[in-house]
Number of protein chains: 2
Amino acid sequence: MLRVMVVDDQALVRRGFALVLDNEPDIEVVAEAGTGIEAIEAARQRQPDIILMDIRMPEMDGLEATARILEAGDATCRVIILTTFDPDEYVFRALRAGASGFVLKDIPPEALVEAVRTVADGGAMLAPAITKRLISQFVQKLGTGRNLAERLERLTTREREVLAVISDGKSNAEIAEALFIGSATVKTHVSSLLSKLGLRDRAQAVVFAYECGLATAGERDIGL
Amino acid sequence: MLRVMVVDDQALVRRGFALVLDNEPDIEVVAEAGTGIEAIEAARQRQPDIILMDIRMPEMDGLEATARILEAGDATCRVIILTTFDPDEYVFRALRAGASGFVLKDIPPEALVEAVRTVADGGAMLAPAITKRLISQFVQKLGTGRNLAERLERLTTREREVLAVISDGKSNAEIAEALFIGSATVKTHVSSLLSKLGLRDRAQAVVFAYECGLATAGERDIGL
DNA sequence: GATCGCCTCCACCTTTTGGGGGAGACCAGA
DNA sequence: TCTGGTCTCCCCCAAAAGGTGGAGGCGATC
């Protein structure tokens with residue numbers, strides 16, 4: 001049985017969603033809340049599996065409440081944001097807060113039920129338009145590299161390896177150590193790859209590596 | 001009426017999907033293809049609105065075919081990848097190729113129909129597990145910056161400006177020119193910011209800028 | 001067998017970089 | 001007023017980086 005909580009400041013809307021869900025044999029609405037504060041408290045007490053969360057609410061908005069509930073961590077629940085509009089910032093904040101779903105209130109009842117089951121099952125569910133935006137942003141971030149990646153192909157294997165280590169912020173000496181070669185050799189490779197790529201120095205090489213996707217933000221544990 | 005093409009090398013599977021879709025009053029299966037090559041040709045001739053594309057096929061795989069069909073551009077169609085497995089690389093390549101959907105073949109028939117309508121409607125549809133991964137990667141990419149961004153706050157305004165230009169791959173002389181100050185001053189700022197951030201050289205500064213979100217891939221027009 | 005590309009190193013040289021001071025001007029706050 | 005922080009610039013110096021040219025070994029290809 002899926003334990004669901006519905007959070008919305010409009011009691012009527014809240015009841016509507018609750019009724020739709022309670023109508024399902026495998027879903028039980030165990031709590032309702034009308035503000036973010038109430039939601040946090042109710043989540044703590046009732047430990048729902050899924051929370052349907054409105055964004056605009058008095059006292060504390062749904063995104064803030066989501067972040068706090070998920071941060072608390074003693075709850076293993078998942079949150080689906082349920083809103084009327086879908087402005088970009090909300091989506092962004094919601095995903096960052098840890099929401100597993102983001103759907104619009106005009107969603108058909110069956111789809112809402114499906115979204116609840118999907119998220120309970122470990123998946124994520126976004127409104128189609130949002131999925132589309134997420135994809136395009138994702139592709140943009142990693143897709144710049146096309147023409148740049150071609151330049152990469154002009155490098156030899158070893159040169160690409162050296163470039164990869166350069167993009168870690170390593171010095172020539174460190175690269176030599178990492179690749180088990182002499183630092184003179186590293187210098188040769190560096191000079192060669194800079195020349196082939198039309199770059200001036202290793203700083204530009206780092207930029208290049210990030211831009212073409214050889215290096216990616218979020219992979220490095222930067223103590224540096 | 002939605003014009004759909006089904007591409008799969010297994011005729012039985014292909015017919016199955018085609019029958020499910022043709023059964024809908026607003027959907028018409030206008031073509032079928034068994035290889036990537038056939039798909040490209042059929043897409044050109046029949047101009048479907050939606051293409052359901054398998055990945056593993058002889059002659060040319062579905063991702064390659066997708067890329068070529070969408071590159072051709074004279075077609076305004078949208079592609080939904082339909083596969084048995086969902087290895088990361090496939091998803092990645094598919095989105096990059098321009099697919100608007102990525103669903104698994106074990107999807108319930110109604111959900112497939114819904115996916116077709118959703119994508120035809122301009123949205124995107126991913127399998128829940130993939131949506132989840134996409135979100136987590138997205139959040140990771142943009143979320144790394146928190147602890148790093150704190151380090152950024154220790155810098156003065158000018159130092160942050162200098163760091164921003166450094167992360168463009170500029171030399172001290174170029175930075176001086178860009179900020180209308182002497183190169184001696186630039187050196188002072190660079191030394192100071194490296195020291196404050198615990199970095200050794202400008203290459204590491206570039207890495208830092210990307211990792212903390214000060215610089216972002218896909219914003220630079222790299223002639224460098 | 002000769003050629004070519006790649007990897008490995010060397011030496012020599014210039015430029016850039018980064019560190020260590022110091023100094024004057026400016027501004028905000030104690 | 002004085003202090004502290006910031007921005008601006010200076011000098012000197014050592015280390016690193018980058019360019020140039022050369023060399024030997026090695027595998028693939030012609």
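In what follows, every chain begins at residue 1, and chains take the letters A, B, ... in the order their sequences are listed.
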Sequence neighbours excluded, which residues qualify as side-chain contact (heavy atoms from CB on, under 4.5 Å) partners of A:R158?
A:T156, A:E161, A:L179, A:I181, A:H189

How would you list, by chain and number, every residue that makes a salt bridge (charged side-chain N to carboxylate O under 4.0 Å, His left out) with A:E41, sequence neighbours excluded?
A:R44

What residues form a side-chain contact (heavy atoms from CB on, under 4.5 Å) with B:K132, not counting sequence neighbours?
A:R78, A:A124

Applying side-chain hydrogen bond (donor to acceptor under 3.5 Å, both in side chains) to A:S191 and not counting sequence neighbours gives none

Between CD1 on residue A:I50 and CE on residue A:M5, distance to nearest 0.5 Å
11.5 Å

Between C:dT17 atom P and A:R200 atom CZ, what is the distance in whole Å?
7 Å

What is the separation between atom CG on B:L193 and atom P on C:dG18, rounded to the nearest whole Å?
9 Å

Are any of the side-chain heavy atoms of B:F102 and B:I55 separated by less than 4.5 Å?
yes

A:L194 has an atom CG; how far is it from atom C1' of C:dT16, in whole Å?
13 Å

According to side-chain contact (heavy atoms from CB on, under 4.5 Å), who are the partners of B:E174, at least two apart in sequence or on a separate chain?
A:R200, B:K170, B:S171

What is the 5' to 3' range of DNA chain D, first to last nucleotide, that sits under 4.0 Å from any heavy atom of chain B?
D:dT6 to D:dC10

Among residues 175-191 of chain A, which contact DNA chain C at a heavy-atom distance under 4.0 Å?
A:I181, A:G182, A:A184, A:T185, A:T188, A:H189

What pairs with A:A209 under side-chain contact (heavy atoms from CB on, under 4.5 Å), at least two apart in sequence or on another chain?
A:S167, A:L214, A:A215

With nearest nucleotide decided by heavy atoms, which residue, B:D201 or B:L155, maps closer to the 5′ end of DNA chain D?
B:L155

By side-chain hydrogen bond (donor to acceptor under 3.5 Å, both in side chains), which residues pair with A:S195, not counting sequence neighbours?
none

Is any side-chain N or O of A:T157 closer than 4.0 Å to OP1 or OP2 of C:dC6?
no

For DNA chain C, whose closest nucleotide is more 5', that of B:S195 or that of A:E159?
A:E159

Computed from five pairs at either end and rounded to 10 degrees, the angle between the axes of the helix from C:dG1-D:dC30 to C:dA30-D:dT1 is 30°

Can you sort out the partners of B:R15 under side-chain hydrogen bond (donor to acceptor under 3.5 Å, both in side chains), two or more places apart, ordered by chain and number?
B:E32

I'd like to check the side-chain hydrogen bond (donor to acceptor under 3.5 Å, both in side chains) partners of B:K105; sequence neighbours left out, ordered by chain and number.
B:D8, B:D54

